[in-house]
Amino acid sequence: MSMRKFLFFFLLFIFITSFASVGLRITIVSDEQSKKLASDVASSILSLVPQNVFVSIEIDGTVRTSNELASIEEQFFLGFSITYDATRNTYYATWTESNSVVYSCSYSPKEERPYREFVRECAHYPLEKAALRLLVTGKFEKYLRVTYHPSVDEYSSFSPDGKSFAFITDRLGGNRNIALLNLTEGTLRVLPVHGSSEYFPRFSPDGSRLAFQGSLHGFWNIYVMPIEDYARNIALISAGNAPAYSPAWLDNTTLLYVQDTETGNSMYRATLARRRTKLNIEGFDMVFSPNAYAGTIYFVGLKEANFGIYALTPEASIVCVEDGFYNEHDPAISPDGRYLAYSCNCLGYYAVWIKDLQTNEKWCLTEELRQDAFYPSFSPDGQLVGFSASEGFFEPDIWFVRFFKPSASQGQSSLP
């Protein structure tokens, strides 16, 4: 074998073994009335499977596969069954693993939700299982989608130690709840609060608490709760009957949030002991989305129908950070304070952008996805950015992108 061929096959081997690591071997069984649904679920899985995941689906005596060249470091054997109950006009679907039921759902054609959402709900379990393994092992390339349920998945936050990732989902009964991804085990846990919907989960700097916007008292308030034994230890932080929203931590004992007023809204600083102070931020119709770094408070300001990103410095001066022709939202600061992540609609859809606060250089992290992307958050090591992105008719899902700096060849036409 020539040296050139040897190098080719060696590099090919390294590429495959470095990135292709998860295998899904799925057996699908159905009754006669459910065959089309079973086939649609199989097609959905095969069309959405992440790169570097091998899938083999046995259905109706045939085997359908995806990513056949992938080498497999770990694999999972899953069973999926779907039956139709004519008396109730309802389909019943079940996923099993190691002879145990791991997920089940049902659907009636009389329901208001579209058929495609039930197909996606059936398909989401193996897709999320594989994607979370890729996330834990780091065996993915530039982008990784980790949620596939047809529910809303958005508003992300990394824990300071990088072991957990919080977001909001309504996959349990329709109410929006906080969900926690365990980034070392690849598991997902939902933290429901009875009688409430939650938004904007934010880890405290020491990682022991979560702040969030919730409706536990019938209207929007700001709350704080511990990660463990949370249900009996939820503390109200905001006051009054006006809606309060968008919490952020200033330090381990102090939060920021925004609350509506008769003429617009205002930003407040509040301690865990509920001592509140209104911040003096003038010159805006409204303010949103505070995010603090080293005493500086970044926020979205609305002026005459234009949204931009500004900063309130420790010296109480207001500085414009990013306010172009297009609307800018969702500011997040990198762990070293150098980079601003934000969402902007300069491409004709919302995408996640980065601005180097030292050089003022800007580039897009999600341009290749060609779909709306919002709510970025940095991992503690600055290597990943989590965000939400919407696919077609479906609600947003959680994605990750490896942080990168622009190459010299990046087209300037895409810059806002």
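The first residue of the sequence shown is numbered 1, and numbering continues consecutively from there.
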**OP:** Show your working on side-chain hydrogen bond (donor to acceptor under 3.5 Å, both in side chains) between Thr169 and Ser151 and close with a plain yes or no.
**Re:** CA-CA 7 Å; Thr169 184; Ser151 63; 3.3 Å; yes
Sub-6.0 Å ring centroid separation between [X] and [Y]:
X: His329; Y: Phe307; answer: yes
X: Tyr375; Y: Phe167; answer: no
X: Phe80; Y: Tyr125; answer: no

Once you measure the plane-to-plane angle for [X] and [Y], does it fall in the parallel (<30°), tilted (30-60°) or perpendicular (>60°) bin?
X: Phe158; Y: Phe165; answer: perpendicular
X: Phe212; Y: Tyr223; answer: parallel
X: Tyr199; Y: Tyr155; answer: tilted
X: Tyr143; Y: Trp399; answer: perpendicular

Original post:
Is the NZ or CZ atom of Arg402 positioned over Phe140's six-membered ring, under 6.0 angstrom from the centre and within 45° of the axis?
Top reply: yes
Original post:
Can you name the one residue among Phe387, Tyr349, Tyr350 that meets ring pair (Phe, Tyr, Trp, His ring centres under 6.0 Å) with Phe374?
Top reply: Tyr350
Subject >> Criterion ring pair (Phe, Tyr, Trp, His ring centres under 6.0 Å) against Tyr339, the qualifying member of Phe403, Tyr293, Tyr298, Trp353 >> reply: Phe403
Subject >> Salt-bridge criterion met for Asp153 and Arg171 (N-O under 4.0 Å) >> reply: yes
Original post:
Is it true that Glu395 and Arg120 make a salt bridge, defined as a side-chain N closer than 4.0 Å to a carboxylate O?
Top reply: no
**OP:** Start with the C-alpha gap between Gln213 and Tyr257, add the side-chain angles, then the distance that decides, and say whether side-chain hydrogen bond (donor to acceptor under 3.5 Å, both in side chains) holds.
**Re:** CA-CA 9 Å; Gln213 170 188 327; Tyr257 65 90; over 6 Å; no
Do [X] and [Y] come within less than 4.5 Å of each other through their side chains, counting heavy atoms only?
X: Leu48; Y: Glu391; answer: yes
X: Leu340; Y: Ile309; answer: yes
X: Glu74; Y: Ser21; answer: no
X: Phe404; Y: Ile354; answer: no
X: Ser377; Y: Arg202; answer: no
X: Glu73; Y: Thr137; answer: no
X: Asp397; Y: Ser388; answer: no

Whether the side chain of [X] engages the backbone of [Y] through a donor-acceptor N/O pair (distance < 3.5 Å, no angle test) should be reported.
X: Gln259; Y: Ala242; value: yes
X: Ser289; Y: Asp330; value: no
X: Ser44; Y: Asp40; value: no
X: Thr271; Y: Ala273; value: yes
X: Ser108; Y: Lys110; value: yes
X: Ser334; Y: Gly382; value: no
X: Arg25; Y: Ile57; value: no

Between [atom1] on residue [X] and [atom2] on residue [Y], distance to nearest 0.5 Å:
X: Ile234; Y: Asn221; atom1: CD1; atom2: CG; answer: 12.0 Å
X: Asp356; Y: Lys405; atom1: CG; atom2: NZ; answer: 7.5 Å
X: Ser215; Y: Trp220; atom1: OG; atom2: CH2; answer: 4.5 Å
X: Leu255; Y: Ser246; atom1: CG; atom2: OG; answer: 12.5 Å
X: Phe200; Y: Leu210; atom1: CZ; atom2: CG; answer: 14.5 Å
X: Leu144; Y: Ile398; atom1: CG; atom2: CD1; answer: 11.5 Å

For [X] and [Y], which heavy atoms make the closest approach, and how far apart are they?
X: Asn291; Y: Pro331; result: ND2-O, 3.1 Å
X: Pro290; Y: Ala248; result: O-CB, 3.2 Å
X: Val22; Y: Arg133; result: CG2-CB, 3.8 Å
X: Asn306; Y: Tyr326; result: OD1-O, 4.4 Å
X: Ala305; Y: Asn327; result: O-OD1, 4.1 Å
X: Ile297; Y: Leu279; result: CD1-CD1, 3.8 Å

**OP:** Tell me, with the steps shown, if Glu328 and Lys355 meet salt bridge (Lys or Arg N to Asp or Glu O under 4.0 Å).
**Re:** CA-CA 12 Å; Glu328 294 84 23; Lys355 180 173 184 176; over 6 Å; no
Subject >> Qualifying residues under salt bridge (charged side-chain N to carboxylate O under 4.0 Å, His left out), relative to Lys35, sequence neighbours excluded >> reply: Asp60
For residues 261-270, which side-chain N or O atoms pair as donor and acceptor with protein atoms under 3.5 Å away, sequence neighbours left out?
| from | atom 1 | to | atom 2 | distance (Å) |
| --- | --- | --- | --- | --- |
| Thr261 | OG1 | Thr263 | N | 3.4 |
| Thr261 | OG1 | Gly264 | N | 3.1 |
| Thr261 | OG1 | Gly264 | O | 3.4 |
| Thr261 | OG1 | Asn265 | N | 3.4 |
| Asn265 | OD1 | Val287 | N | 3.0 |
| Asn265 | ND2 | Tyr245 | OH | 3.1 |
| Asn265 | ND2 | Val287 | O | 2.8 |

Please tabulate, one pair per line, all N/O donor-acceptor pairs under 3.5 Å involving side-chain atoms of residues 182-193, not counting sequence neighbours.
| from | atom 1 | to | atom 2 | distance (Å) |
| --- | --- | --- | --- | --- |
| Asn182 | OD1 | Thr184 | N | 2.9 |
| Asn182 | OD1 | Thr184 | OG1 | 2.7 |
| Asn182 | OD1 | Glu185 | N | 2.9 |

**OP:** Could you walk me through whether Asp85 and Thr83 pass the side-chain hydrogen bond (donor to acceptor under 3.5 Å, both in side chains) test, one step at a time?
**Re:** CA-CA 7 Å; Asp85 185 331; Thr83 58; over 6 Å; no
**OP:** Start with the C-alpha gap between Tyr310 and Asp323, add the side-chain angles, then the distance that decides, and say whether side-chain hydrogen bond (donor to acceptor under 3.5 Å, both in side chains) holds.
**Re:** CA-CA 8 Å; Tyr310 300 82; Asp323 185 17; 2.8 Å; yes
